[in-house]
Every structure is written in C-alpha cells, then in structure tokens.
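Notes to accompany the following structure.
Atom set for the values below is all heavy atoms of this structure, side chains included, hydrogens, waters and symmetry mates excluded. Start at 1 with the first residue, then count along the sequence. Just so you know, ligand 1 is whichever comes first in the structure, and atom 1 is the first atom listed for that ligand.
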Amino acid sequence: MRIIDQIREMRCWSEAGRRESNHIVLVPTMGFLHEGHLSLVREGRKRGDRLVVSVFVNPTQFALNEDYTAYPRDLERDRGLLEKEGVDVLFHPPVEKMFPKGSQTTVEVERLSPLLCGAFRLGHFRGVATVVLKLFNIVRPHVAIFGSKDYQQLQIIRRMVEDLNFDVEVVGSPIVRGKDGLAMSSRNAYLSQEERQAALSLSRSLRKAESLVRQGERESGRIIHAVRAEIEKGPLARVEYVSLCHPASLEKVEKIHDEALLALAVWIGKARLIDNTILKA
Ligand code: PAF
C-alpha cells in the first residue's frame, strides 16, 4: 500500500490510473477505523480496480466547541488495517495543505444542510461538503463510498454531486452494528462500559419504532414519543433530536405514507451519537 500525503502526488497517481483505464474508488474517512469503515473499504474493492482511502480529520466540519482536538486518531493502526484489506493508497494530507492560509471558498448545500444535525452543528455540513468536494477534485474517483449511519451527509453529498455535475457515482453502504446493536462509530471510543450499555437504547428505540409501524402506527408524533420514551428510560442519555422526515428532502412528515426516515441524535456522556432507520408503511 502506498501512503501519499502530498496533493500533487495523489493527483498524479490518479491521473496515471485513469490513463490506464483503471476504475478508481475513494472511501473518505476521518480515520480511527472500525468495522463500519472496513465494510466501506470491502464494498469499494468490489466496485473498482484501484482503491484509495483518505484519512483526514477535517477541522472545518467541527465547530469551535466540538471535539476536533480530542477526536480519536491512530494512523499506524489504520495503516495496518488498510494494508490487510488490500487498499492501494492511503491518502493522508496535512491540514495546512488541504486548507492553506487564505482559503475561503466553501460549498453550501442550502436546503438540506440546516435540517436534523445541521440545526445543532452550525456549519458542519458546509465543512463536510467542502472537504468532500476537495477530495473528489484531488483523487478524481469514479466511485465514492459513504456509510448510511451519516444519512444526512450521504444525501447532502448526493445533492452536491448532482447540482455541480460531478462525474462520481456516490454509493451508500448499510449501517454496521456491533452484536449488541450499537451502530459503529469512532466516537464510541468515548463511551465507558456503563455508557455503552446506555447507548444501546438508540438502536432499541429504532427497533421499537419499526415494530409500532408493523402494528399499523403511522402518526409521527406517536412514534417519536415512543422513541424518546425508550431512550429516556435510562438516566445517562440526553436526546438532542428525534425526527421523522422524508428520506430525500429530509423535511419533517406528520404521517408515514410510503416510507420515512427516522433519525436521531443523542448525547451519552461526552459522545454525541447518531442513528437512523427507514420506516416502511
Ligand atoms: O463521515 C466522515 O467520516 C466525514 O464526514 C467525511 C465524509 C470523511 C468528511 O470529512
């Protein structure tokens, strides 16, 4: 596996690959890899013949009061894991090369960004869209793979690619859960054992909502109430939001007609966790 930290070298590698008609796949990550990321890497392997994984903790998607400095990092471990998966390039650019002094151009996906997580993490999706666009410009992938746990992020990237006529196929990969149901996240590293137990209420609440819908419930208000009640049974969880919305526009829905996205964000100790499911009527 080649490790590239220079933008120019990354670009040259990709251009050479394209000239040889290689199909290039990019899996963008912020590192501290877990099974969820590795499932994206394995999906990536199937979808092309050259696989690039970027590891870049993007400062522009963290607000000032957020965990940019504390965000878990372990490049050596990531490198070992990616090598075993047969990744071709680990792209790990320095922050000052990605965002040199004076850079001021950003990408705003206007209507999707302020909803759900965006209402609580101001500027977050501007940072995500901007860095993903930069990664696309540098790596020039044919395909890019993203996890569905970050459902809103995935929708925003799809929208950006469509709106800006980017020639990249955006693939969403299913959420990967531990045996206990907890969705894989680098931020799970912040949880104590007791908090991890408490965090299981997130997936439990989603399963509860699915079961209510199977029994015929369609009213958003009642489903959201049941989800919150399930999470708030424990003393350690603080719900940031629970929302039922249209899976594409992410606008709130009062009732489930066909299908709806149930998305939630919950604080457990220092960890802000998100999870979601699609409820089908
Ligand atoms: O999902 C992530 O890890 C990040 O938001 C991403 C897409 C790598 C952009 O920094």
Side-chain angles (χ1 to χ4, degrees), residues 4-5 7 10 25-41 43-44 51-63 66-75 77-78 81-82 87 89-99 103 106-109 112-113 115-118 120-139 141 143-161 164 166 168-176 183-190 263 265 271-276:
I4 298 184
D5 58 9
I7 290 173
M10 184 68 250
V25 180
L26 170 66
V27 178
T29 81
M30 296 209 299
F32 208 68
L33 305 175
H34 49 67
E35 268 306 309
H37 295 112
L38 298 183
S39 77
L40 306 182
V41 170
E43 185 60 40
L51 183 54
V52 181
V53 176
S54 60
V55 171
F56 179 68
V57 184
N58 168 30
T60 71
Q61 67 188 75
F62 292 80
E66 291 186 348
D67 56 343
Y68 172 64
T69 342
Y71 195 84
R73 295 160 167 91
D74 190 342
L75 190 65
R77 192 176 147 273
D78 292 347
L81 290 169
L82 296 176
V87 168
V89 171
L90 190 181
F91 180 48
H92 178 58
V95 174
E96 60 284 5
K97 287 284 188 285
M98 284 296 275
F99 294 103
S103 54
T106 59
V107 185
E108 187 87 51
V109 180
L112 291 174
S113 295
L115 305 170
L116 302 175
C117 291
F120 299 89
R121 304 190 66 189
L122 298 183
H124 169 67
F125 289 115
R126 182 190 314 123
V128 170
T130 305
V131 83
V132 169
L133 184 98
K134 285 167 78 75
L135 289 168
F136 285 177
N137 274 330
I138 296 165
V139 178
V143 181
I145 321 263
F146 296 86
S148 302
K149 182 172 69 68
D150 295 287
Y151 186 98
Q152 183 176 13
Q153 167 173 286
L154 178 60
Q155 288 308 109
I156 285 173
I157 291 162
R158 285 192 201 286
R159 188 73 259 161
M160 173 183 81
V161 162
L164 300 181
F166 251 86
V168 178
E169 184 192 351
V170 175
V171 174
S173 198
I175 298 179
V176 177
M184 300 272 178
S185 164
S186 303
R187 288 192 171 96
N188 292 350
Y190 298 153
R272 180 184 182 276
L273 304 177
I274 56 174
D275 207 341
N276 69 75

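Among all non-hydrogen protein atoms, the one lying nearest atom 9 (C) of ligand 1 is Gln61 OE1, 3.3 Å.
Ligand 1 places these atoms under 4.0 Å from at least one heavy atom of Gln153: 1 (O), 2 (C), 4 (C), 5 (O), 7 (C). Set against the non-hydrogen atoms of Val131, the atoms of ligand 1 under 4.0 Å away are 9 (C), 10 (O). Atoms of ligand 1 found under 4.0 Å from any heavy atom of Pro28, numbered from 1 in the order shown, are 8 (C).
Between Arg187 and Asp67 there is a salt bridge, with a side-chain nitrogen of the basic residue lying less than 4.0 Å from a carboxylate oxygen of the acidic one.
The six-membered or imidazole ring of Phe91 lies away from that of Phe56, with a centre-to-centre distance of 6.0 Å or more.
Residues Ile145 and Pro28 come closest through the heavy atom pair O-CD, 3.4 Å.
The backbone of Thr29, and not its side chain, has at least one atom closer than 4.0 Å to an atom of ligand 1 (non-hydrogen atoms only; backbone = N, CA, C, O).
Between Phe166 and Phe136, the two ring planes are tilted [angle within 30° to 60°].
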Query raised in the report: Where do Phe32 and Tyr71 land on the ring-ring contact (aromatic ring centres under 6.0 Å, His included) test, with the steps shown first?
Result: CA-CA 9 Å; Phe32 208 68; Tyr71 195 84; 7.8 Å; no

